[in-house]
Participant: 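I have a structure here, written as structure tokens, and I will follow up with some questions on it.
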Amino acid sequence: MTYRVEKAKINDAAQIHRLINHFADKGEMLARPLSEIYENIRDYFVVRQNEQVMACAALHINWEDLAEIKSLVVSEESQKHGLGDKLIAACLKEAERLGIATVFCLTYRPAFFEKCGFSLVDRSELPHKVWGECYRCPQFPNCDEVALVCHLEVKV
Ligand SMILES: CC(C)(COP(=O)(O)OP(=O)(O)OC[C@H]1O[C@@H](n2cnc3c(N)ncnc32)[C@H](O)[C@@H]1OP(=O)(O)O)[C@@H](O)C(=O)NCCC(=O)NCCS
């Protein structure tokens, strides 16, 4: 079966919300309110099967040269089929199209992102602004998420 990564539609928001919060409840990522998913629905990519959202990821723009991959999740039944990798590739392609030179992520799964072309960086190398969501996290301030970046060849 070939899976297609597509831009999310407004009707996907409730399923994206359930998927993210399922893993957030297990402490694997930051929870997101449904309102935030609606407000940022244009950031999201999804993989659907029979109208069901099996996986999603968001590319959120921070600044002219910086964007973040957020809320990467693949449902348990759909993992290890390359969907995570495809979603990251879609986010990076969009960043490249927009002319954004650096994409970063904050994650508990650094090895996965390293396989996708990201490199570990010291958290202090990222602007303070990107940590703005941390106060909402149950792990704050003792979080062990790590930062990784991917530099893109962009034409400006
Ligand atoms: C991290 C996560 C997004 C990865 O998604 P995924 O779709 O399983 O990712 P992929 O399938 O692209 O790669 C996962 C593994 O499957 C392997 N794989 C990919 N396609 C495969 C295939 N057809 N057959 C066998 N293995 C395959 C990959 O090589 C990779 O191996 P690894 O575990 O040694 O790294 C997923 O595990 C997840 O949603 N976890 C919970 C939430 C989370 O932690 N999100 C990240 C927060 S930022």
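What you see is a predicted model, and the numbers here were worked out from it, not measured in a lab. Counting starts at 1 for both ligands and their atoms, following the listed order.
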Participant: Under 3.5 Å, is there a donor-acceptor pair between the side chain of D12 and the main chain of V53?
Facilitator: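 Checked: no pair found.
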Participant: Go through the steps to decide whether L72 and L87 satisfy the test side chain to side chain contact (heavy atoms under 4.5 Å, CB included), and finish with yes or no.
Facilitator: CA-CA 8 Å; L72 170 69; L87 282 159; 4.0 Å; yes
Participant: Excluding sequence neighbours, so at least two apart, what forms side-chain hydrogen bond (donor to acceptor under 3.5 Å, both in side chains) with S78?
Facilitator: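 For S78, the residues satisfying side-chain hydrogen bond (donor to acceptor under 3.5 Å, both in side chains) (neighbours in sequence not counted) are S75.
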Participant: Nearest protein heavy-atom contact for atom 14 (C) of ligand 1: which residue, which atom, what distance?
Facilitator: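 Its nearest protein heavy-atom neighbour is F112 CE1, 4.0 Å.
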Participant: Atom 28 (C) of ligand 1: protein heavy atom closer than 4.0 Å?
Facilitator: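 Protein heavy atoms within 4.0 Å of atom 28 (C) of ligand 1 - there are none.
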Participant: Less than 4.0 Å between a side-chain N and a carboxylate O, is that true for R97 and E94?
Facilitator: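 A salt bridge links E94 with R97.
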Participant: Can you tell me which residue among V149, L66, I69 is in a side-chain contact (heavy atoms from CB on, under 4.5 Å) with V103?
Facilitator: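 Testing V103 for a side-chain contact (heavy atoms from CB on, under 4.5 Å) against V149, L66, I69 leaves exactly one candidate, I69.
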Participant: Below 3.5 Å, N or O to N or O, backbone or side chain included: is there any such pair between L106 and ligand 1?
Facilitator: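 No, no N or O pair falls under 3.5 Å.
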Participant: Pairs of nitrogen or oxygen atoms closer than 3.5 Å, one from H81 and one from ligand 1: do any exist?
Facilitator: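 Yes; the residue has a nitrogen or oxygen that sits under 3.5 Å from a nitrogen or oxygen of the ligand.
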Participant: What protein heavy atom is closest to atom 38 (C) of ligand 1, reported as residue, atom name and distance in Å?
Facilitator: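 Checking every protein heavy atom, the shortest distance to atom 38 (C) of ligand 1 gives Q79 NE2, 3.4 Å.
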Participant: Where is the nearest protein heavy atom to atom 7 (O) of ligand 1: which residue, which atom, and how far?
Facilitator: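 Residue, atom and distance for the closest contact: G84 N, 2.8 Å.
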Participant: Donor-acceptor check, side chain of N50 to backbone of Q52, threshold 3.5 angstrom: yes or no?
Facilitator: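 Not at all, since once roles are kept as given, no pair shorter than 3.5 Å links the two residues.
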Participant: Kindly confirm or rule out an N or O of L72 lying under 3.5 angstrom from an N or O of ligand 1.
Facilitator: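 Such a contact does occur with ligand 1.
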Participant: Starting from atom 12 (O) of ligand 1, locate the nearest protein heavy atom and write down its residue, its atom name and how far away it is, to 0.1 Å.
Facilitator: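 Of the protein heavy atoms, D85 N, 3.0 Å lies nearest.
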Participant: Quick one: list whatever passes salt bridge (Lys or Arg N to Asp or Glu O under 4.0 Å) with E76, sequence neighbours left out.
Facilitator: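 With sequence neighbours excluded, E76 shows a salt bridge (Lys or Arg N to Asp or Glu O under 4.0 Å) to K26, given in chain and number order.
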Participant: At a non-hydrogen distance cut-off of under 4.0 Å, which region of K80 contacts ligand 1 (side chain, backbone, both, or neither)?
Facilitator: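 Near ligand 1, K80 shows its backbone as well as its side chain.
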Participant: Does any N/O atom on M29 come nearer than 3.5 Å to any N/O atom on ligand 1?
Facilitator: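 For ligand 1, there is no N or O atom that lies under 3.5 Å from one belonging to M29.
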Participant: Got the closest protein heavy atom to atom 30 (C) of ligand 1, with its distance?
Facilitator: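 Closest protein heavy atom to atom 30 (C) of ligand 1: K115 NZ, 4.3 Å.
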Participant: Among all protein heavy atoms, pick out the one at the shortest distance from atom 1 (C) of ligand 1; state its residue, atom name and that distance to 0.1 Å.
Facilitator: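 Result for atom 1 (C) of ligand 1: R109 NH1, 3.5 Å.
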Participant: Take T107 and F112, measure what side chain to side chain contact (heavy atoms under 4.5 Å, CB included) needs, and give me the verdict at the end.
Facilitator: CA-CA 10 Å; T107 184; F112 177 73; over 6 Å; no
Participant: Report yes if some N/O of T107 lies less than 3.5 Å from some N/O of ligand 1; otherwise report no.
Facilitator: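 No; every N/O pair is 3.5 Å or more apart.
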Participant: Would you check, one step at a time, whether the test side chain to side chain contact (heavy atoms under 4.5 Å, CB included) holds for M29 with V73?
Facilitator: CA-CA 9 Å; M29 61 199 305; V73 275; 3.1 Å; yes
Participant: Taking atom NZ as the centre, does K9 end up with more than 12 heavy-atom neighbours from other residues, nucleotides or ligands that are less than 6.0 angstrom away?
Facilitator: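 No, the 6.0 Å shell around NZ holds no more than 12 heavy atoms from other groups.
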Participant: Can you list the atoms of ligand 1 that are under 4.0 Å from a heavy atom of V73?
Facilitator: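 Close to V73: 39 (O), 42 (C).
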Participant: Any nitrogen or oxygen of F113, side chain or backbone, less than 3.5 Å from one on ligand 1?
Facilitator: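 Not met; the criterion fails.
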Participant: Would you kindly check if the NZ (Lys) or CZ (Arg) of K7 is within the cone defined by 45 degrees around the ring axis of Y44 and under 6.0 Å from the six-membered ring centre?
Facilitator: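 The answer is no; the distance or angle limit is not met.
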Participant: Considering only protein heavy atoms, which is closest to atom 39 (O) of ligand 1, and at what distance to one decimal place?
Facilitator: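 Of every protein heavy atom, V74 N, 2.8 Å lies nearest to atom 39 (O) of ligand 1.
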Participant: How close does the nearest protein non-hydrogen atom get to atom 11 (O) of ligand 1, and which residue and atom is it?
Facilitator: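 Nearest protein contact, heavy atoms only, for atom 11 (O) of ligand 1 is G82 N, 2.7 Å.
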